[in-house]
Amino acid sequence: MNTNSVMPHHYTIWPKDPAAHVYEVRLTIAEPDAAGQVFAMPAWIPGSYMIRDYAKHVVAARAESDGRDVVLSKLDKSHWQAAPTDRELTLVIEVFAHDESVRGAHLDTTHAFFNGTCVFPAVVGQEDVPCMLDIKAPEKPVGKNWRVATSMNCSGAEQYRFGTYEVNDYAELIDHPVEIGELSIGEFDVCGVPHAIAIRGKTRADMARLCHDLQRICEHHMSFLGAPQDLDRYLFLLNAPGTGYGGLEHRWSSALICGRDNLPARGEEGVSDEYRTFLGLVSHEYFHLWNVKRMKPAAFTPYDLAQESHTDLLWVFEGVTSYYDDLGLVRSGLIDVDSYLELLGQIVTRVIRSGGRRKQSVAESSFDAWTKFYKQDANAANAIISYYAKGALIALSIDLKLRIETDGAVSLDDVMKAAWQRWGESGVGMPEEGFEQLCAEVSGLDLEDFFDATVRGTGELPLEALLKTQGIEYHLRRSAGGKDSGGKSQEEGKLPAVWLGAVLGSRAGKPVFQTVHNSGPAEKAGISPGDELVALDGLRISLAGCEARTRRYHAGDKSDVTVFRGDELMTLRMKWEEAPADTCYLLRDSEEDSATASRREAWLS
Ligand SMILES: [Zn+2]
């Protein structure tokens with residue numbers, strides 16, 4: 001449909017009871033299905049591949065027509081049906097909202113945030129009808145000084161105010177998250193397109209610098225793939241609490257969470273590690289406005305929000321995006337080459353430390369994201385590979401491989417531009433074999449063996465050889481301990497010689513085995529995930545003290561490890577083993593020739 005003659009669906013959302021975290025949502029439709037209109041709540045939100053069954057937060061539902069109640073029946077966990085009526089029909093629901101993540105809805109007396117998936121039912125069979133949305137203010141005294149930030153088009157509402165907004169269809173209605181509260185708003189222009197960032201939280205951040213840095217990232221990506229025809233505005237919604245991290249992409253906006261102190265203070269110079277992480281997040285979500293929000297796997301065209309949608313290609317949409325997010329920071333000059341190599345070394349480290357890379361391919365990881373990557377258990381490190389991290393390294397490998405084998409004529413950049421031409425504006429989904437075929441088509445190379453080994457298989461990536469062609473030395477060393485995420489060199493002599501073969505965490509202040517690596521010393525001794533570590537060789541041990549104690553052992557030494565499994569105390573005999581070199585750092589080759597230096601320049605500048 002989508003024509004002007006169709007009466008739009010009219011949604012109203014009202015923070016009815018902020019203290020109880022309850023929104024009231026009203027939906028009025030002019031022409032309900034004569035057989036009895038069905039309404040559906042989404043089971044998941046695009047970009048976060050897990051069944052969340054948002055209908056479970058609906059705490060009341062009723063229907064009315066002409067002021068009279070209409071019988072409303074629940075059909076299954078996510079669907080309701082109203083009794084037939086030939087008049088205008090209104091559905092009224094109340095939704096409990098207490099999820100502060102980027103994929104949820106939240107309401108209290110300090111702010112309101114929602115994704116449409118959490119609060120707006122779809123009118124089944126009429127998903128293409130345009131929608132109006134009234135966003136109403138809460139009852140006073142709540143809501144004083146609140147402003148409304150959303151990328152939805154205003155229809156009567158003034159920008160950043162309560163009032164009426166409009167969208168073309170239901171898919172758009174749920175693709176514009178809304179943040180309402182006391183907001184700091186900064187605006188900037190990217191290649192003629194107005195952009196803004198709306199921040200919730202007492203950050204005291206340097207807004208001018210944020211706008212400046214975000215503008216550079218956005219301009220870089222925009223000049224890479226070009227402005228999509230329908231991109232006439234873009235909004236970053238940022239929630240900045242004490243701690244937190246996350247992001248979710250949308251077509252005209254993204255919802256972000258980062259710790260407030262990760263943002264630069266006024267007058268602060270340089271890029272801290274935390275701020276670099278935030279800039280990487282911004283770069284990642286913005287790149288998604290091309291890669292996954294407009295150019296999508298065929299399996300998402302359109303989204304089926306009632307059930308899982310399987311594709312082997314999440315590594316393309318998340319991994320390639322993860323490659324270009326940090327690359328965008330160095331190419332736009334926000335970080336230098338050494339800083340970029342540190343980030344790359346950290347990703348390599350994450351992949352090496354995942355024993356699951358030997359069991360699961362990125363194609364399988366993509367397909368099973370719903371039940372494995374998004375539902376990680378104690379065995380995840382042994383069984384799963386991240387399609388983000390390994391996907392980013394596959395993208396890096398393809399990029400460098402194409403550059404080398406075509407003597408600099410073709411790179412992954414050319415593949416992405418061609419992919420955007422083919423599947424970006426057209427609305428045609430990328431077929432499962434599409435990305436691989438396009439890589440071969442654009443480069444003229446036979447890449448089947450590479451994809452067999454590294455995408456469909458669990459083969460290791462030839463990173464050392466590929467990085468050498470760019471004048472970058474690939475180094476591995478032992479881990480310095482729990483906080484060592486790699487990327488930096490360390491003095492060999494200061495690193496622990498042995499390891500437990502496990503990752504320790506904390507439960508009620510006590511050290512607990514979170515992950516037990518397959519075939520490591522802890523597993524061989526019979527230690528289970530969840531065991532509480534009580535003592536090592538008869539001495540009580542704390543999480544903080546464990547690393548120092550580990551340094552007193554050598555490979556081959558034996559220890560009594562005392563643990564609580566549930567309420568049962570047990571002592572297990574463990575033989576220490578040499579710590580693996582599972583930590584990567586990358587350095588520029590100090591003796592490179594000028595041809596190598598200019599290859600790297602062409603890649604990173
Ligand atoms: Zn992503």
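For ligands, and for the atoms within them, numbers begin at 1 and follow the listed sequence. These values consider heavy atoms only, across backbone and side chains, with no hydrogens, waters or symmetry-generated copies.
A donor-acceptor contact closer than 3.5 angstrom links the side chains of Thr583 and Arg353.
In this structure, Arg294 satisfies the cation-pi test against Trp252, with its NZ or CZ atom closer than 6.0 Å to the six-membered ring centre and inside 45 degrees of the ring normal.
Side-chain rings of Trp315 and Phe435 approach one another, their centers coming within less than 6.0 Å.
Geometry at the Zn ion (ligand 1): OE1/Glu318 and NE2/His288 form an angle of 100°, nearest 10 degrees.
Not a single N/O/S atom of Glu249, whether from backbone or side chain, sits less than 2.8 Å from the Zn ion (ligand 1).
The name of the N, O or S atom in His284 nearest to the Zn ion (ligand 1) is NE2.
Using a 4.5 Å cut-off on side-chain heavy atoms (C-beta onward), Leu402 and Leu447 make contact.
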